[in-house]
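Single-structure report; data block below.
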Amino acid sequence: IGVLLIAVVYPLFWMLTGSLKTQEEFLNNPTWALPEDWTNFSNYVEAWTTGNLGTYIRNSILAVFPSLFLTITIGVAAGFALEVMVWKGRGPVLLAFLAGIMIPGQMILLPLFTMYFRAGLTGTLWPLIITYTAIGLPLTVFMMATYFRGVPREVFEAATLDGASIYRTFFSIAFPLVRNAVFTVALVQFFFIWNDLLIALTFTTNDELRTIQVGLLNFTGQFGQIQYGPTFAAISINVIGTLVIYLFLNQRVMKGLTA
């Protein structure tokens with residue numbers, strides 16, 4: 001346990017202390033040296049203002065949450081349709097979604113960029129939203145179909161006998177039964193999209209569209225010199241924010257994984 005604590009806690013401690021150091025401390029002091037001024041929060045101010053961190057976080061929010069909403073909405077509905085509803089051809093459709101999991105995202109970036117360029121979508125966040133939704137759907141559909149498979153069919157049959165329509169069955173019975181599972185899948189997809197670098201780096205064509213992960217690559221000063229303090233501060237804001245979200249929602253995730 002002690003080794004695990006060191007492996008997890010020490011990098012966080014090193015990151016936070018690094019965010020309080022000046023550029024001179026990084027260049028002249030040893031790596032393990034503690035900051036000389038523990039109240040030096042100027043790096044956070046510089047990261048937020050000069051480093052445009054606020055703009056990058058805004059772009060991430062505008063790209064992540066619409067993608068997440070579309071992925072979960074379509075994925076849950078598709079999982080219900082593929083596992084609960086009986087219709088001809090649902091097996092091949094499910095296999096088609098599973099095949100999507102095996103396609104590396106790197107293979108489709110260049111064709112997608114060409115399509116977005118011809119459609120006039122470059123220079124906006126729509127390429128990110130569409131790509132995140134398409135890449136997240138196969139895994140979401142597969143996981144939701146698996147969760148729906150664990151719900152007894154007698155529950156849905158009883159609802160049908162009571163006169164419930166398919167929409168009433170989905171919203172009033174099926175969705176509440178897999179609510180924790182939906183929450184877990186949404187959190188998994190959130191962390192994947194929020195931490196993405198490759199897709200965002202490919203489709204963001206200017207500084208005003210960069211997400212936080214792409215923006216962290218550009219914390220440079222005059223003549224391209226890396227500004228270590230603001231960079232550590234920006235990384236700290238990103239990591240601590242997502243860590244707080246996970247710790248706060250940890251129990252819901254555990255319930256969803258054991259549902």
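The figures that follow rest on heavy atoms only: side chains count, while hydrogens, waters and symmetry mates do not.
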| field | The single option from Thr131, Thr122, Thr202 passing side-chain hydrogen bond (donor to acceptor under 3.5 Å, both in side chains) against Tyr116 | value | Thr131
| ring-ring contact (aromatic ring centres under 6.0 Å, His included) between Phe142 and Phe97: does it pass, once the steps are laid out? | CA-CA 7 Å; Phe142 170 70; Phe97 276 106; over 10 Å; no
Which atom of [X] lies closest to which atom of [Y], heavy atoms considered:
X: Thr211; Y: Ser60; value: CB-OG, 3.3 Å
X: Ser19; Y: Ser236; value: CB-OG, 3.9 Å
X: Ile129; Y: Ala63; value: CG1-O, 3.9 Å

| task | Using only heavy-atom distances, determine whether the side chains of Tyr56 and Asn238 contain a donor-acceptor pair under 3.5 Å. | result | no
| said: For a quick check under 3.5 Å, do Glu25 and Thr22 share a side-chain donor-acceptor pair by atom type? | reply: yes
| said: Using 30° and 60° as the class boundaries, would you call the ring planes of Phe148 and Phe170 parallel, tilted or perpendicular? | reply: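 Rings of Phe148 and Phe170: tilted, as their planes differ by 30° to 60°.
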| message | Students often mix this up, so state it plainly: with edges at 30° and 60°, are the rings of Trp38 and Phe13 parallel, tilted or perpendicular? | response | tilted
| Can the ring centroids of Phe232 and Phe26 be said to lie less than 6.0 angstrom from one another? |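 Ring centres of Phe26 and Phe232 closer than 6.0 Å.
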Would [X] end up clustered with [Y] when hydrophobic side chains under 4.5 Å apart are linked, directly or stepwise?
X: Val188; Y: Val178; value: no
X: Ile237; Y: Val244; value: yes
X: Ile6; Y: Trp32; value: no
X: Leu216; Y: Val45; value: no
X: Leu161; Y: Phe156; value: no

| query | Nearest 0.5 Å, what's the OG1-CE distance between Thr140 and Met144? | reply | 9.0 Å
| Going from OG1 on Thr49 to OH on Tyr44, what distance comes out if it is rounded to the nearest 0.5 angstrom? | 14.0 Å
| request: Report yes or no: does Gln189 contribute a side-chain atom to a donor-acceptor pair with the main-chain N or O of Ile72 at less than 3.5 Å? | output: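 Checked: no pair found.
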